[in-house]
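This report concerns only the one structure given below.
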Amino acid sequence: MAEITYLEAIREALFEEMERDANVFCLGEDIAAYGGAFKVTEGLSKRFGEQRVIDTPISEVGIVGAAAGAAHMGMRPVVEMQFIDFVANAYDMLTNYVATARYRADLPCPMVVRGPSGGYVRGGPFHSQNPEAGFIHTPGLKVAYPATAEDAKGLLKSAIRDDDCVLFFEHKYLYRRIKGTMPAGDHVVPLGKARVAREGRDLSIITYAATLWKALEAADELERADGLSAEVVDLRTLSPLDDDAIQATTKKTNRVLIVHEDTRTGGIAGEITARINETCFAWLDAPVLRVTAHDVPLPYAPQLEDFVLPQTNDIVTAARVLAAY
Amino acid sequence: MAEITYLEAIREALFEEMERDANVFCLGEDIAAYGGAFKVTEGLSKRFGEQRVIDTPISEVGIVGAAAGAAHMGMRPVVEMQFIDFVANAYDMLTNYVATARYRADLPCPMVVRGPSGGYVRGGPFHSQNPEAGFIHTPGLKVAYPATAEDAKGLLKSAIRDDDCVLFFEHKYLYRRIKGTMPAGDHVVPLGKARVAREGRDLSIITYAATLWKALEAADELERADGLSAEVVDLRTLSPLDDDAIQATTKKTNRVLIVHEDTRTGGIAGEITARINETCFAWLDAPVLRVTAHDVPLPYAPQLEDFVLPQTNDIVTAARVLAAY
Amino acid sequence: MPTRVAASGKREKGTGKQRAEASPAGLTRAQLLELYYWMRLTRTLEERLVALYRQTKVIGGLFRSLGQEADAVGSAFALRPEDVLSPLIRNLGSMLVKGATPVEILRQYMAKGDSPTRGRELNIHFGDTARGFIGQISPLGDMVPVMAGVTLSFKMRNERRVGLVYVGDGATSTGAFHEGINFAAVERCPLVIVVENNGYAYSTPTRSQTLAKQFVDKAIGYGIPGEQADGNDVIATYEVTKRAVDRARSGEGVSLVELITYRRKGHAEHDNQSYVPVGEIDRWARENDPIDRYVARLRTELGFADDDLRVIDDRVRREIDEATEVAERSAAPEPLDALLGVYASPPAQQPLWFRSGQRAAVDASERAEGWGSYSATNGAASDARLAREND
Amino acid sequence: MPTRVAASGKREKGTGKQRAEASPAGLTRAQLLELYYWMRLTRTLEERLVALYRQTKVIGGLFRSLGQEADAVGSAFALRPEDVLSPLIRNLGSMLVKGATPVEILRQYMAKGDSPTRGRELNIHFGDTARGFIGQISPLGDMVPVMAGVTLSFKMRNERRVGLVYVGDGATSTGAFHEGINFAAVERCPLVIVVENNGYAYSTPTRSQTLAKQFVDKAIGYGIPGEQADGNDVIATYEVTKRAVDRARSGEGVSLVELITYRRKGHAEHDNQSYVPVGEIDRWARENDPIDRYVARLRTELGFADDDLRVIDDRVRREIDEATEVAERSAAPEPLDALLGVYASPPAQQPLWFRSGQRAAVDASERAEGWGSYSATNGAASDARLAREND
Ligand SMILES: Cc1ncc(C[n+]2csc(CCOP(=O)(O)OP(=O)(O)O)c2C)c(N)n1
Ligand SMILES: Cc1ncc(C[n+]2csc(CCOP(=O)(O)OP(=O)(O)O)c2C)c(N)n1
Ligand SMILES: [Mg+2]
Ligand SMILES: [Mg+2]
């Protein structure tokens with residue numbers, strides 16, 4: 001099996017799911033003829049026609065709402081946000097309409113909202129966001145954010161088959177930088193299950209998406225320079241959180257560092273810290289620590305962006321403090 | 001000095017600030033002739049004219065964006081959301097435009113977005129929300145959520161005078177149920193400062209808005225039935241958080257219970273727990289615990305709403321567990 | 001102010017100087033009576049709700065469509081059973097036409113456990129895709145994109161079904177309305193958008209909502225046909241909507257229909273309408289009540305007997321009495337039901353530890369036994385257990 | 001395809017068979033040359049940016065307005081210094097007219113520390129209220145409500161100032177556009193809304209964006225005047241905008257102006273325009289380049305000499321050479337600058353503990369000395385200290 005990129009893995013998932021189920025269709029801005037701003041949907045309209053790969057007007061509320069309506073009727077729409085930053089425009093539609101549909105009106109809403117997310121790409125404040133916090137807070141939505149090519153494919157396939165609405169964040173820094181070999185056959189990764197990306201004994205680093213790779217780098221450095229054995233857990237799904245995996249690693253190493261690219265205040269690390277407190281307090285030999293972005297809009301200049309976002313070194317620094325506590 | 005309600009206190013603040021500063025003006029749906037859905041702005045248009053108390057079309061994006069534009073030019077707009085639930089429609093405008101204006105473009109954005117928030121009123125899923133989590137997560141926005149009539153007035157006056165955008169959540173359950181005596185003169189309560197609402201020794205309850213009153217009730221019950229002395233801290237401002245006050249009470253009682261009406265996952269309790277972990281871990285004699293709403297859209301029937309939202313009894317139960325830990 | 005309706009040749013078609021026996025708009029005599037039945041049912045049911053509201057049996061606000069019954073009933077009557085409609089708070093009539101029952105409405109308003117939303121949502125915020133109406137949410141305008149999607153699915157599947165979505169004059173100002181209508185237009189969805197211009201959005205008169213001379217003018221900016229009709233004339237309403245429905249069904253895409261009517265009650269029962277010019281409400285009540293107008297027409301021009309109508313009035317009263325009795329007997333929802341069905345999977349949330357009667361999961365940092373045992377699949381038993389534990 | 005512009009008497013006013021000396025649109029001869037200067041400056045500056053982009057000195061994407069210079073320059077030229085304009089990515093020309101300088105643009109694109117946004121924002125996303133232009137954000141349509149508010153403030157203060165906001169054909173589909181234009185119309189704000197119809201939104205042609213025959217039709221739905229002009233005719237653009245600006249200034253409220261032009265380059269430099277029909281771009285370049293057209297007119301009908309233009313070309317080249325040299329010398333921003341100015345108060349965020357060189361605040365759960373010592377007020381000194389600590 002040849003290696004394919006994270007981006008190609010997503011495309012493969014779309015192809016396979018559209019092939020498998022005639023109810024799956026894609027809609028978004030510039031996704032048909034052009035193949036999307038990042039070419040994720042390239043070739044889809046040629047294969048499946050412009051009826052199932054729909055170029056829409058610039059209307060995030062319209063697109064997400066339309067996806068919900070089609071989903072009620074048994075379709076399985078996959079919405080592309082050209083950049084995930086623009087999902088903010090559909091915040092009402094997603095949190096008020098879509099998230100509550102089943103609960104308040106018994107309306108099924110099987111749909112996926114996917115899009116290029118995250119920074120480290122000099123995209124500036126409106127092409128680099130990590131909007132997960134605003135959505136994990138909303139009962140009724142699920143959130144996935146893969147870090148590997150294998151998970152990108154397997155989770156997207158699960159998301160499309162899921163009977164609930166899944167926000168599927170794709171890290172654009174990983175699109176063409178990360179490769180993986182897809183398992184043969186129908187490769188599906190279940191939602192809600194974290195993955196131990198690296199086994200370790202001395203401390204746990206819980207993370208997801210682009211910072212997984214920085215955490216793994218940091219773990220190597222800690223091993224090499226300090227003889228510290230760090231376990232790295234890739235959450236993969238942010239809603240629902242895999243409490244079992246979080247508790248297991250906490251109880252194993254007794255020291256937890258949470259790393260995310262999102263800004264600090266109100267980021268998901270807080271939620272995880274609270275859960276660890278509630279269920280594993282007696283196992284903690286040190287406070288749960290966080291390495292996150294600074295609480296500022298993400299600036300564009302490389303010098304500024306690099307300063308604001310978490311880097312491998314920051315993880316190493318924090319892990320040393322944690323280990324020495 | 002006569003007692004006035006929480007709602008009247010807000011109205012007083014609006015009157016006084018519009019009187020004091022000709023740049024202050026109000027805009028929103030049905031706020032002029034009708035005086036707003038809850039009559040908060042009643043009398044304002046008569047006193048200040050329809051030029052300064054503007055009835056707008058039903059356009060949350062339009063209103064918030066217009067407020068931002070006017071604020072850039074030196075005005076101090078106060079926007080009313082008819083129900084705070086509809087602030088979701090302006091999520092992009094607030095988080096992408098308003099929050100970043102100063103940082104990215106040196107554009108001042110002194111404005112207030114205020115509105116009736118919260119549950120316990122049989123309002124159902126779209127007239128009961130507590131949207132703070134989606135905004136404390138956004139650098140550039142400030143968030144206040146008063147629990148007392150005095151704070152409602154004093155914080156709103158601060159919010160209007162503040163040079164940043166302040167989201168000002170008013171708890172509609174408290175509007176006419178809570179009264180207070182306003183201090184004489186220019187009564188201003190600074191943003192960013194919590195208040196110890198009740199001194200205590202054995203454990204701390206950190207909360208805000210409507211659940212402050214439930215926490216105080218619970219504290220009385222704990223005193224009476226268990227001889228436990230609970231300290232109750234009213235955060236008042238949620239962004240920026242008063243770290244000093246949080247640390248002080250934690251270090252004093254060594255046991256912290258955070259109570260909020262918002263849903264559990266991704267609510268502000270997680271952030272507070274993380275901060276306490278980071279700065280006060282050695283002082284903790286027990287895990288930080290949370291009493292919150294269940295993770296479901298807020299249902300309308302009294303039996304359901306009461307089950308989903310935190311009640312005084314829940315606080316008592318959790319506090320006992322915490323004290324006995 | 002019936003003069004607000006610009007006379008248009010098209011709109012008047014089927015009314016006027018016809019012989020009594022000729023059925024207007026191709027409606028059978030049974031259908032003509034049916035229109036009366038739905039309007040009367042709507043009004044009487046709302047009157048019953050007012051009575052229950054005064055007895056504090058209604059939880060939350062009460063929204064009236066007094067004086068707008070023709071607009072709701074006539075437009076919905078243009079749909080087939082397989083078509084799908086998205087109502088607003090003042091479309092009780094449309095929902096009844098589409099198959100919602102009085103007992104459902106009454107249970108909803110009283111927040112009963114066996115109401116269509118099991119006590120989760122207010123008033124007439126409920127739906128049933130089988131009967132063809134979709135549960136609305138409060139944020140205005142949102143149903144327009146949703147119905148764009150519903151009808152997009154009809155188009156994609158080559159089903160000859162049509163969708164209809166209502167928006168108030170006020171809701172036309174929302175971004176969701178704009179994005180939805182434009183999206184549906186471009187995708188040529190089989191959708192009819194009915195703007196119910198009742199003169200007010202809460203307290204805001206139409207002139208403060210838009211500078212457009214009429215809402216039908218908005219159709220031009222979306223490149224779609226627009227038609228206007230007298231919303232208090234049930235047959236005109238039916239006809240204009242039917243034309244739009246027919247266009248949609250034959251693949252001609254989206255139409256905008258403006259129905260001109262008047263909101264005679266306040267936004268909700270608590271609203272005293274102090275902002276309404278003196279005499280305006282009375283004038284509409286006196287001169288332009290849709291039921292009075294239709295009754296007059298049925299009696300004179302269409303040649304129905306007083307008895308034909310009395311039979312219907314009696315039937316309506318009986319149905320509503322029965323429905324009220326049934327609805328009042330319904331029980332309140334079970335608290336634990338609040339935790340079911342946020343997701344398809346998992347089908348239930350767990351009760352929080354301080355509610356489940358068990359000790360905290362955090363107690364001695366040990367994961368308590370029984371945590372996570374509440375699930376929809378072992379529903380009843382676990383419900384009962386937890387309910388006991390909660391006592 | 002210049003034929004896409006429907007000829008209209010109004011629009012043609014001031015062009016045509018006039019004598020060379022007569023100034024079209026009441027512009028002085030100096031102003032006529034100025035229009036040429038701004039268009040030439042725009043084009044040459046963008047060409048320089050392309051060169052820098054190829055040298056990888058530009059950080060991020062590069063957006064061109066090739067072929068749209070007339071629309072940007074002509075419309076902005078209708079404003080007074082005290083008026084305020086909100087540009088889009090293809091309104092480099094408008095910003096230059098409003099006083100933005102080439103060195104600012106170059107520094108922005110190269111993410112320099114002394115660029116107008118100090119490296120925080122991309123390309124021409126910057127503003128200056130003193131000169132009268134507002135920094136845009138990426139989410140399309142958002143600037144329409146913002147400019148409604150800017151101009152609302154003019155009205156409230158009885159200032160005779162006017163605002164102008166651009167939206168692309170694509171951005172007209174956004175809810176923000178709709179809510180903003182409707183709000184501004186109802187409040188009678190002194191605002192001009194210019195729809196730049198350049199045929200595409202990224203890869204999406206106008207026919208997939210709206211079914212409206214022309215964007216100017218949207219004015220009707222908002223009850224405001226709408227006019228259309230040939231956006232590649234700088235004088236027509238000026239005139240139509242000037243009329244709208246005059247209306248706004250004299251209290252007549254909002255106008256919508258549609259300028260028809262064509263986007264000859266891709267959405268950004270990386271876009272290969274494979275979706276464009278063969279020959280379309282060439283045809284526009286050959287037959288309808290706004291600078292070529294204006295030069296021809298200046299030379300023939302308006303009687304300018306070749307030298308008049310050559311002087312300007314030379315000046316433009318010189319200015320851009322100088323600006324490039326200056327901009328290239330500028331330093332990159334200081335990392336710690338990223339923490340300043342999120343709020344007016346506090347004026348700085350603190351560097352996170354793992355960055356500040358100090359031990360964790362959590363270390364032994366003791367609040368470390370120095371935590372919180374970074375502040376904008378003791379800026380320089382603390383910057384230096386922290387920078388050292390970061391090494
Ligand atoms: C987005 C949004 N903003 C505000 C409200 C509050 N609100 C509820 S109904 C209403 C007025 C609606 O007027 P209209 O659309 O004309 O409908 P009508 O009540 O006249 O039938 C308002 C402002 C809302 N529900 N949604
Ligand atoms: C709300 C929103 N959705 C999507 C985008 C992504 N996007 C950036 S530019 C663009 C096309 C804009 O087209 P148009 O408005 O016609 O302007 P033009 O580029 O042609 O000048 C798109 C879709 C965005 N910036 N904002
Ligand atoms: Mg109305
Ligand atoms: Mg365009």
Side-chain angles (χ1 to χ4, degrees), chain B residues 22-23 25 27 51-52 54-75 77 89-90 92-93 96-111 139-142 162-164 191-192 240 243 247 251 277-284, chain D residues 84 86 116-118 120-121 125-129 134-139 141-157 159 161 163 174-176 178-187 189 338 340-346 349 353 360-362 364-367 372:
Chain B
N23 292 315
F25 73 103
L27 69 174
Q51 271 262 28
R52 287 181 69 195
I54 303 176
D55 269 346
T56 67
I58 303 176
S59 310
E60 284 73 14
V61 181
I63 303 167
V64 171
H72 297 339
M73 298 288 115
M75 306 297 290
N89 295 53
D92 160 65
M93 190 59 86
N96 281 331
Y97 188 84
V98 172
T100 65
R102 178 180 301 279
Y103 187 72
R104 70 180 155 75
D106 206 17
L107 285 166
C109 229
M111 56 185 273
L141 300 177
K142 294 176 177 172
D162 200 89
D163 286 332
D164 297 309
L191 293 170
D243 284 316
Q247 289 169 27
K251 292 182 180 175
N277 252 256
E278 288 163 347
T279 56
C280 307
F281 186 71
W283 276 268
L284 286 180
Chain D
V84 174
S86 162
T117 66
R118 293 143 76 189
R120 292 163 179 206
E121 250 282 32
H125 285 201
F126 71 95
D128 178 4
T129 43
I134 301 263
Q136 66 186 290
I137 61 169
S138 298
D142 283 11
M143 300 311 295
V144 183
V146 171
M147 287 302 294
V150 165
T151 51
L152 179 69
S153 79
F154 297 161
K155 193 187 125 202
M156 292 178 80
R157 290 174 159 170
E159 298 173 340
R161 298 163 75 185
T174 62
H178 175 72
E179 295 200 6
I181 190 170
N182 184 59
F183 178 96
V186 168
E187 303 301 338
C189 298
L340 297 178
V342 177
Y343 296 96
S345 132
Q349 304 294 302
W353 64 268
V362 297
S365 280
E366 268 178 0
R367 194 173 152 94

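Convention: sequence-line order gives letters A, B, ...; per-chain numbering from 1. The figures here come from the full heavy-atom set of this structure, side chains too, leaving out hydrogens, waters and symmetry mates.
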statement: Honestly, the part of D:A185 sitting under 4.5 Å from a heavy atom of chain B is neither
- request: Can you tell which part of D:Q136 gets under 4.5 Å to a heavy atom of chain B, answering side chain, backbone, both or neither?
  value: backbone
query: Taking all atoms of both residues into account, what is the closest heavy-atom pair of B:R102 and D:Y343, and its distance?
result: CD-C, 3.5 Å
message: Out of B:G62, B:A66, B:A22, B:G74, return the one with the most heavy atom pairs under 4.5 angstrom to chain D.
response: B:A66
- request: Could you have a look at B:G192, B:G140, B:P57 and say which one has the most heavy-atom pairs with chain D under 4.5 angstrom?
  value: B:G140
- prompt: Checking heavy atoms, do the side chain of D:T117, its backbone, both or neither come under 4.5 Å from chain B?
  reply: both
- line: If one checks every heavy atom of D:R118 against chain B at 4.5 Å, the contacting part turns out to be neither
Structural part of B:D55 lying under 4.5 Å from a heavy atom of chain D: backbone
query: Heavy atoms, side chains only, cut-off 4.5 Å: are D:V150 and B:M73 in contact?
result: yes
- prompt: Below 4.5 Å, heavy atoms only, C-beta onward: do B:I63 and D:E179 meet side chain to side chain?
  reply: no
field: Whether D:D142 side chain and B:M93 backbone form a donor-acceptor pair below 3.5 Å
entry: no
- prompt: Under 3.5 Å, side chain of B:Q51 to main-chain N/O of D:M156, donor-acceptor pair present?
  reply: no
query: With only heavy atoms counted, which part of B:L141 is less than 4.5 Å from chain D, the side chain, the backbone, both or neither?
result: backbone
statement: Sorted by chain and residue number, the side-chain contact (heavy atoms from CB on, under 4.5 Å) partners of B:A105 (sequence neighbours excluded) come out as B:L107
message: Which atoms of D:V186 are under 4.5 Å from chain B, going by heavy atoms: the side chain, the backbone, both sets, or neither?
response: side chain
query: Shortest non-hydrogen contact from D:P139 to B:N96?
result: CG-ND2, 3.8 Å
statement: B:H72 meets the ring-ring contact (aromatic ring centres under 6.0 Å, His included) criterion, sequence neighbours left out, with B:Y97
message: Given heavy-atom pairs under 4.5 angstrom as the criterion, report whether the side chain, backbone, both or neither of D:M147 touches chain B.
response: neither
Part of D:F126 within contact of chain B (heavy atom distance under 4.5 Å): neither
message: If I measure from the heavy atoms of chain D, does B:D163 come under 4.5 Å with its side chain, its backbone, both, or neither?
response: both
message: Which atoms of D:I134 are under 4.5 Å from chain B, going by heavy atoms: the side chain, the backbone, both sets, or neither?
response: side chain
message: So B:I54 and D:L152, do their side chains get closer than 4.5 Å, heavy atoms only?
response: yes
